[in-house]
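Comments concern the structure below.
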Amino acid sequence: DRDVTGVQTCALPISREKPAWKSLQVFPDRLNRSELPILDPTIANKRLGFTTVILAYERVQSLFEVIERLRFVPSLAKILVVWNNQVKKPPPAHVWPNISKPIKVIQTDGNRLSNRFFPYDEIQTEAVFSLDDDIIMLTPDEVEFGFQAWCEFSDRIVGFPSRTHVWENSSQRWKYESEWTNEISMVLTGAAFYHKYWHHAYFHEMPKEIYDWVDRKRNCEDIAMNFLVAHATRKAPIKVIPRKKFKCPTCSNNEMLSADTGHMVERTDCINRFVQVYGYMPLMPVEFRVDPVLFKVDSLPKKLKAFNDVGSL
């Protein structure tokens, strides 16, 4: 049944103590790479489906459009909207899209990007689909295929917008690079699947310096999550389908270019700061992408393909 709640206040934790339910120590006292445990892949339960966690602030129109698209994804179990706006309240229950899956709205107690990774009790599936409120270009087939791919790589981040890092000799620093390359080392959590365990690890296991940096800069929570997973598993993320266009659909070219310049500098600073905290570069580059079987076989009728509506470059 449809279950759009009113507003629930979520107080983020003051204590960062390790949760009792998980015995794995991802971050020992000394970040010694040779002593790191390897997190075994979780056996994913496909039947439970996934919970979509959407970080939202005020873009109600695009948020509702995202929800309308998600309603056609077979494996969707629940939508959790994390409302970060501390001034403007979320829309009243009666105006939300009327879909067959429950929608839960959580009002946070502060405008922090890390709120998207809080281990909410409402997440009852193993799989989390982290999504920005303006990612309106993904089709239901693409999202469903992303979930099915995650079930095969359930210890990794699996998703759509990808990025990489490169070493720059001139500055002797790491540099954040865009997705226009065959090599990737990050999948951004604006549209990505991962196991819900990483929500607990982000708040309770990740170095506090990184958590504080993200809070202070209001940027790079997705890079921090990629560092966390790569550090714990020593595995690269998985990009699915060839779609690369995740730019702002309503922005002009000049606005996008101007924003990109400062954005790339800030993201580069984040990478280098995180490397300092970890003591090494945990991100692992890979040239690998998962596509549906028969994706490029145009001669076959659509009824023989499981995922027909998959975008291209």
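Note that these values count all heavy atoms, side chains included, but never hydrogens, waters or copies made by symmetry. The structure presented is a predicted model; accordingly, all values stated were derived computationally and were not measured.
No side-chain heavy atom of Val143 sits under 4.5 Å from any side-chain heavy atom of Phe72. Contact check for Lys196 versus Thr125: no side-chain heavy atoms found under the 4.5 Å cut-off. Thr51 places none of its side-chain heavy atoms less than 4.5 Å from the side chain of Tyr120. Looking only at side-chain heavy atoms (C-beta outward), Glu209 and Arg273 come within less than 4.5 Å of each other. Using a 4.5 Å cut-off on side-chain heavy atoms (C-beta onward), Leu63 and Trp83 make contact. Using a 4.5 Å heavy-atom threshold, the side chains of Ile271 and Met281 count as touching.
Hydrophobic clustering (ILVMFWY, side-chain heavy atoms < 4.5 Å, transitive): Leu283 and Phe288 are in one cluster. Hydrophobic clustering keeps Tyr278 apart from Val166 (ILVMFWY residues linked when any side-chain heavy atoms are closer than 4.5 Å, directly or through intermediates).
A side-chain contact (heavy atoms from CB on, under 4.5 Å) with Ile54 is found for one member of Ile135, Leu80, Asp133 and no other, namely Asp133. For the pairing with Ile223, the side-chain contact (heavy atoms from CB on, under 4.5 Å) check across Arg163, His165, Met186 returns one residue only, Met186. Just one residue in the list Asp222, Asp132, Asn84, Thr108 forms a side-chain hydrogen bond (donor to acceptor under 3.5 Å, both in side chains) with Arg116, and that residue is Asp132.
Here the CD-CD distance, from Glu177 to Glu183, works out to 10.5 Å after rounding to the nearest 0.5 Å. Here CE of Met284 is found 13.0 Å from CG of Asn226. Values are rounded to the nearest 0.5 Å. Between the CZ atom in Phe118 and the CD1 atom in Ile123 there is a gap of 9.5 Å [rounded to 0.5 Å]. Atom CE of Met225 is separated from atom CG of Leu188 by 12.5 Å, given to the nearest 0.5 angstrom. The CH2 atom of Trp198 lies 5.5 Å from the OG1 atom of Thr233; values are rounded to the nearest 0.5 Å. Taken to the nearest 0.5 Å, the CD atom of Glu168 stands 5.0 Å off from the NZ atom of Lys175.
Closest non-hydrogen pair, Thr164 versus Ser185, comes out as CA-OG, 3.2 Å. Between Ala224 and Val214, the shortest heavy-atom contact is CB-CG2, 4.1 Å.
Using a 4.0 Å cut-off between a side-chain N of Lys or Arg and a carboxylate O of Asp or Glu, Arg173 and Asp269 qualify as a salt bridge.
In this structure, the side chain of Asn272 engages the main chain of Trp174 through a donor-acceptor pair within 3.5 Å.
A donor-acceptor contact closer than 3.5 angstrom is absent between the side chains of Glu152 and Gln148. Judged by distance alone, the side chains of Trp167 and Asn169 do bring a donor and an acceptor atom under 3.5 Å apart. A donor atom on one side chain and an acceptor atom on the other are found under 3.5 Å apart for Glu144 and Ser75. Residues Tyr211 and Ser114 bring no donor and acceptor atom of their side chains to less than 3.5 Å of each other.
Annotation: Trp150 is not in aromatic contact with Tyr194 [ring centroid separation under 6.0 Å not met]. Remark: aromatic rings of Phe203 and Phe117 are distant, center separation not under 6.0 Å.
Evaluation of the salt bridge (charged side-chain N to carboxylate O under 4.0 Å, His left out) test over residues 61-72, restricted to residues two or more places apart or in two chains, returns Glu68-Arg71.
At most 12 non-hydrogen atoms from other residues, nucleotides or ligands lie less than 6.0 angstrom from CD of Gln61.
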Worked verdict on Ile79 versus Lys101 for side chain to side chain contact (heavy atoms under 4.5 Å, CB included): CA-CA 7 Å; Ile79 295 175; Lys101 302 298 174 63; 5.7 Å; no
